[in-house]
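Small disclaimer: the values here were computed from a predicted structure and weren't measured. Both counts, for ligands and for their atoms, begin at 1 and track the order of listing.
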Amino acid sequence: MAVETTVSTPLGPAACENDAKKLQFIEETTANTDKVQEKVLAEILSRNAETEYLQRYKLGGATDRDAFKAKLPVVTYEDLQPEIQRIANGDRSAILSAHPISEFLTSSGTSAGERKLMPTIQEELDRRQLLYSLLMPVMNIYVPDLDKGKGLYFLFIKAETKTPGGLTARPVLTSYYKSDHFKRRPFDPYNVYTSPTAAILCADSFQSMYSQMLCGLLRRLEVLRVGAVFASGLLRAIRFLQLHWRDLSSDIATGTLNPRITDPSVRDAVAELLRPDPALAQFITSECSTDSWACIITRIWPNTKYLDVIVTGAMAQYIPTLEYYSGGLPMACTMYASSECYFGLNLKPMCKPSEVSYTIMPNMAYFEFLPHKPSSMTGPNSIKLVDLANVEIGKEYELVITTYAGLYRYRVGDILRVTGFHNTAPQFRFIRRKNVLLSIESDKTDEAELQAAVDRASALLRPYGASVVEYTSQADARAIPGHYVIYWELLVREEGRWPEGEALEKCCLEMEEAMNTVYRQSRAADGSIGPLEIRVVKAGTFEELMDYAISRGASINQYKVPRCVSFPPVIELLDSRVVSAHFSPACPKWAPQ
Ligand code: AMP
């Protein structure tokens, strides 16, 4: 076997020849940010020149930035909905893209309660795969010998549907895992998973998780990294182990697979590994039956060098829990992506979560940046958008993209802060997603949705002569799965009566029914969000909350009740005033779109 020698690159030492090529690609692309961006825009505009959308804005075949910026409006999903609906209904003409729309990617962002449908084209898979192929070469710079073992990754597919016109609609990761790009990926010693592909592709989430966990346990000493896409996914896996370790260790003891695993391809894949191993079963039993689950990851998978999970943005709430289960292993946030487009990667993946910056790769799409002024009343079209190469360190921007698949000047809704540059490519800290109040997993609930849910649920209190006078909320991620907590201060009229517990439980379920489809799917199909809880607080609590805010410098005139709280002293204050707590007694209704 040839002995690989490390090759030095400006990013660091490459682990092998292939890595060196990938790192060189990053260097070249980031060294020529503006040129690459100009070329990307020209390619997108020229290939789509005849589309209905570009014709409508009379671009006249121009492919330069000036014409593009002068003629095309900055848009949101709602602006594009008529076009998207036509494509979904079966109109195959070149509406947004000259290339045929191959499928819709269903975003976790919603519009009117439903997942946004992002049209995509076949070749976008190549672009996504290209970004994936850069991740391990960067990681190999910082963590040696990842080719000496495997990655235990909990990866899942989700339900897919067809649009009225017959196009498949599914999440971007489901599309990727089901593609030949993933299924027939060439062997890469640095990227070997313990999970058989059949287990990842099993649509039944219990069978998929069970078999992935089982294979991870069987190969526990080979595991060098443990991960999931988002932190919430990895915590779900830990919770699953808490609930099912007895069955898992019994399978290992006897060498027979639990009959709940019925998918033949999963059974076949697991059968290749599963042999009676009483010693391993005994080990798992003794580790999992201890009272404390501190460091459970490193106890079971002792060779784990890092966790591979996104803990930036809404996922930051899970950092303390992951630290507890992993004994403080590094958490690598490797990439930043969305259904609309994959954006970029973290060139220092072993940095602290609070220091993560993503380098947007200039070849992925054409990127513009809307200077972010939270209270600005100026419309986006009157503010000048800044190009990728020209953003300024320290400033915050909203990301606007133009993609090969046919989104033009589309506002993604993410707010990013520039932290530095790699060559001429800027690096961004993910600050937040606009308008998201509550998030446990991929769900994103905004203020209007929460208000509508409270309105709908509080209508159930009318027969009691009761109403909700004030409310706020919290995403409670302390237990797994996390859940929404809504604090209610109630007013019961003189002739009314206090609603009994059962009525308040119904209010919990009513709120859940009012939530968007991503929330309901996470509750009903995935079990990744726990039952919604209403905590009724004493009369006067929200006045105390205001007093507290004012004592900390808030203006009395401008004070507004925060509709979501995360500051621990405020949560403590609210919790100390709770008179009763009620949980949703059932799952809300959900069916694929
Ligand atoms: P979706 O389209 O459902 O895949 O969601 C994409 C969104 O997830 C992005 O626009 C971000 O708001 C969020 N997201 C993706 N990657 C990251 C990351 N690395 N850190 C923080 N948020 C992320």
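By heavy-atom distance, the residue among S439, A337, C333, S107 lying nearest atom 14 (N) of ligand 1 is A337. When F343, Y342, Y336 are checked for heavy-atom proximity to atom 23 (C) of ligand 1, Y336 turns out nearest.
Proximity to I310 (heavy-atom distance under 4.0 Å) selects the following atoms of ligand 1: 18 (C), 19 (N), 20 (N).
Scored by the side-chain hydrogen bond (donor to acceptor under 3.5 Å, both in side chains) test, Q521 finds R115 as partners (sequence neighbours excluded).
Of the heavy atoms in T312, both backbone and side-chain atoms come closer than 4.0 Å to ligand 1.
The ring pair (Phe, Tyr, Trp, His ring centres under 6.0 Å) contacts involving residues 422-453 comprise Y336-F430, F369-F428, where partners must be two or more places apart or lie in separate chains.
Taking atom 3 (O) of ligand 1 as the reference point, the nearest protein heavy-atom neighbour is S108 OG, 2.5 Å. Among all protein heavy atoms, the one lying closest to atom 1 (P) of ligand 1 is S339 OG, 3.4 Å. For atom 12 (O) of ligand 1, the nearest non-hydrogen atom of the protein is D414 OD1, 2.8 Å. Protein heavy atom closest to atom 7 (C) of ligand 1, with residue, atom name and distance, is R433 NH1, 3.8 Å.
Of the polar atoms of S338, none of the N or O atoms is found under 3.5 Å from an N or O of ligand 1, judged by distance alone. Distances between N or O atoms of T106 and those of ligand 1 include no value under 3.5 Å. Some N or O of M335 is nearer than 3.5 Å to an N or O of ligand 1, by distance alone.
Taking 4.0 Å as the cut-off between side-chain N and carboxylate O, K589 and E513 count as a salt-bridged pair. Of the charged side-chain nitrogens involved, at least one lies within less than 4.0 Å of a carboxylate oxygen, so that E124 and R127 count as a salt-bridged pair. We find that D180 and R185 are not joined by a salt bridge, their nearest charged nitrogen and carboxylate oxygen being 4.0 Å or further apart.
Taking the six-membered ring where tryptophan is involved, the planes of F367 and F343 are perpendicular, since the angle between them exceeds 60° and thus also 30°. Using cut-offs of 30° and 60° for the angle between ring planes, the Y132 and Y342 rings count as perpendicular.
Close to ligand 1: Y358, with a non-hydrogen atom less than 4.0 angstrom away.
For F240 and F206, the gap between ring centers is short of 6.0 Å.
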